[in-house]
Amino acid sequence: MTARRAAYFGLMAGVLVAAMYTGDVFYALIFAFFVALLLFALAHVLYTAASFRFEQSLSSSEAIKGEEVELSIALHNEGVVPYARVCALYWLPDNLTGAPLHMLEGDIPARGILRVSTAFLCTYRGEYAPGLMSLRVTDLFGLIALTIPLRRYTYYKPLRLTVRPRVMSLRDDAQVALIRQGRMDAADVSAQEVSSVRDIRAFRPGDALKWVHFKLSARRRAVLVREFEGSARPKTLLLLDVHRHGREGVKALEIEDAMVEAAAALAHQLLEDRAPVRLAAYGAQRYEAQGDEPRDFGPMYAYFTLAAFDGQYELTDVLALEAHEKGQHVLLITTQLAPKLYGAMLALREAGNDVAAVVVATPSERQNGVDRIAGELSRRGVRCRAISPGEDMGAVRGVLV
């Protein structure tokens, strides 16, 4: 209760006591005035709550992590009575970190509009519903306040914002330079390709630049690419560990986003190189997607955007269910290097599989043993790289064959 409201009701109670004690008509009239003023305040609040209108919009309903989006809100008073002290609370993605709700506050004159435009950074991937949460209206005298939880009403249409993860390029600077200069010749390709060339054809959208036949293209003045017999590489089993990891708050968001971006970068690079990929993740429900060319990345990218780390299966159990073929590439994205997983990866390696892992951990966790364990795995034939949230994804390149 505000000081003004407390003083008003205190004075009103005092006048009532005086009227009852003395029986004086003057005090009774004063008390009636207080009651009438209170009824007028209540009517004004109810009128405001019933007649206000609002609009809200986003500059874009989709964004890439790190991009900026603008939220616009407008509160309309279409009546002839002014609104006194309207306070609107609205939610933005930065409230995920525990920040208080954002506020739009002010008086709205008759036929007037109260506006605000707020630009915010899309810091974490996922799907969000930014916008108005509640509206608090007060009467002209500040005696009565009413809070309206807007999202509980059927007329409220929530905004939707989808923030997609970044897809980092895993090509090193030297390879990018060769591609730009047209100097990736047959020797560069044959070193990575295990099947024979079947045909030479015209370039199509989605073809990897590494398969361009630069010498022949220069002679014929047309972009030509090699077409191979069968697959360039054995299928890569990409396992994203979406098991509950126990972290909370900002740390959990940063770890999960780094894991997703590592998986997205690896899947995208493999598909760009025409290497068959099978992605599997055991969340609340099992997810699987397969592909062998760049256009197959779409469904995987959609999953990466909304992947929830709520699975019950540990990665060791997932390996037992999924990695049952021999002679395949197994690529793991995890955040915990438990002894059980350490042993499972070595067992897979000894069984003739090519095994690699990316471990996402905080700097303190890496200092406390993650880097040491990753080094031991690498020495024993399992390519393992540890990275921290916010670190350059270039380190992930080392797990590719």
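With a 6.0 Å radius and a threshold of 12 heavy atoms from other residues, nucleotides or ligands, Tyr313 has its OH atom at or below the threshold. Atom CD of Gln312 is surrounded by 12 or fewer heavy atoms from other residues, nucleotides or ligands within 6.0 Å. By the neighbour-count criterion of 12 heavy atoms within 6.0 Å, atom CZ of Arg244 is densely surrounded, having more than that number from other residues, nucleotides or ligands. Annotation: Arg115, atom CZ; neighbour count of heavy atoms from other residues, nucleotides and ligands within 6.0 Å does not exceed 12.
Closest of all the heavy-atom pairs between Gln336 and Thr334 is N-OG1, 3.3 Å. The shortest heavy-atom contact between Tyr156 and Leu150 is CB-O, 3.3 Å. The two residues Ala63 and Val69 make their nearest non-hydrogen contact at CB-CG2, 3.8 Å. Between Asn95 and Pro100, the closest heavy-atom pair is ND2-O, 2.8 Å. Considering every non-hydrogen atom in both Phe304 and Ala267, the closest pair reads CE1-CB, 4.4 Å. The two atoms that bring Leu337 and Ala374 nearest to each other are CD1-N, 4.2 Å, heavy atoms only.
Put simply, NE2 on His243 and CG on Leu341 are 11.5 Å apart, with the number rounded to the nearest 0.5 Å. Between atom CD1 of residue Ile30 and atom CZ of residue Phe34 there is a gap of 7.0 Å, rounded to the nearest 0.5 Å. Taking CG of Leu143 as the reference point, atom CZ of Phe40 lies at 11.0 Å (rounded to 0.5 Å).
A salt bridge links Asp107 with Arg85: the closest approach of a Lys/Arg side-chain nitrogen to an acidic carboxylate oxygen falls below 4.0 angstrom. A salt bridge is defined here as a Lys NZ or Arg NE, NH1 or NH2 lying under 4.0 Å from an Asp or Glu carboxylate O, and Glu376 with Arg380 fails to meet this definition. Ion pair Lys65/Asp257 flagged as a salt bridge, since at least one NZ, NE, NH1 or NH2 atom sits closer than 4.0 Å to an Asp/Glu carboxylate oxygen. Look at Glu67 and Arg166 and you find no salt bridge, because none of the NZ, NE, NH1 or NH2 atoms lies under 4.0 Å from a carboxylate O.
Checked by atom type and distance alone, the side chain of Asn77 never pairs as donor or acceptor with a backbone atom of Ile113 at under 3.5 Å. Of the possible donor and acceptor atoms, one in the side chain of Asp296 sits under 3.5 Å from a partner among the backbone N and O of Asp292. Side chain of Asp241 to main chain of Ile333: no donor-acceptor pair is present (N/O by atom type, distance under 3.5 Å, no hydrogens or angles). A donor-acceptor pair is defined here as one N or O able to donate and one able to accept, closer than 3.5 Å; such a pair exists between the side chain of His44 and the backbone of Pro82. Although no hydrogens or angles enter the test, the distance criterion places a donor-acceptor pair under 3.5 Å between the side chain of Asp139 and the main chain of Ile144. A donor-acceptor contact shorter than 3.5 Å is absent between the side chain of Ser61 and the backbone of Leu161. Counting only distance, with no hydrogens or angles, the side chain of Asp273 and the backbone of Leu270 share no donor-acceptor pair below 3.5 Å. In terms of modelled atom types and a separation under 3.5 Å, the side chain of Tyr301 and the main chain of Val167 share no donor-acceptor contact. Here the side chain of Arg220 pairs no donor or acceptor atom with the backbone of Ala218 at under 3.5 angstrom. Checked by atom type and distance alone, the side chain of Arg247 never pairs as donor or acceptor with a backbone atom of Glu254 at under 3.5 Å.
Between Leu331 and Leu239, the closest side-chain pair of non-hydrogen atoms is not below 4.5 Å. Proximity of Arg201 to Leu224: side-chain heavy atoms (C-beta onward) are nowhere separated by under 4.5 Å. Val35 is listed as a side-chain neighbour of Phe31, based on a closest heavy-atom distance under 4.5 Å. Using a 4.5 Å heavy-atom threshold, the side chains of Ser378 and Arg385 count as touching. With contacts defined as side-chain heavy-atom distances shorter than 4.5 Å, the pair Val163/Ile64 does not qualify. Side-chain contact between Val225 and His213 is absent, with no heavy atoms from C-beta onward closer than 4.5 Å.
Remark: the Ser388 side chain and the Arg366 side chain contain an N/O donor-acceptor pair separated by less than 3.5 Å. Side-chain N/O atoms of Ser117 and Ser72 include a donor and acceptor closer than 3.5 Å. Side-chain contact of Gln56 with Lys157: a donor-acceptor pair under 3.5 Å is absent, judged by distance alone. Between the side chains of Glu365 and Thr362, a donor-acceptor pair is found at a separation under 3.5 Å.
Pairs engaging residues 250-276 under the ring-ring contact (aromatic ring centres under 6.0 Å, His included) rule: His268-Phe297 [sequence neighbours left out]. Residue pairs meeting the ring-ring contact (aromatic ring centres under 6.0 Å, His included) criterion with at least one partner in residues 67-99, sequence neighbours excluded, are Tyr90-His102.
Each of Lys235, Arg349, Arg383 was evaluated against Asp354; a single residue qualifies, Arg383, per the salt bridge (charged side-chain N to carboxylate O under 4.0 Å, His left out) test. Under the side-chain hydrogen bond (donor to acceptor under 3.5 Å, both in side chains) rule, Tyr282 has a single partner from Glu288, Glu322, Glu314, which is Glu322.
In this structure, Tyr21 has its ring center no closer than 6.0 Å to that of Tyr27.
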Let me have the donor-acceptor pairs involving side chains of residues 126-138, under 3.5 Å, with sequence neighbours excluded, atom names and distances please.
residue, atom, partner, partner atom, Å
Tyr128, OH, Tyr124, O, 3.1
Tyr128, OH, Arg125, O, 2.8

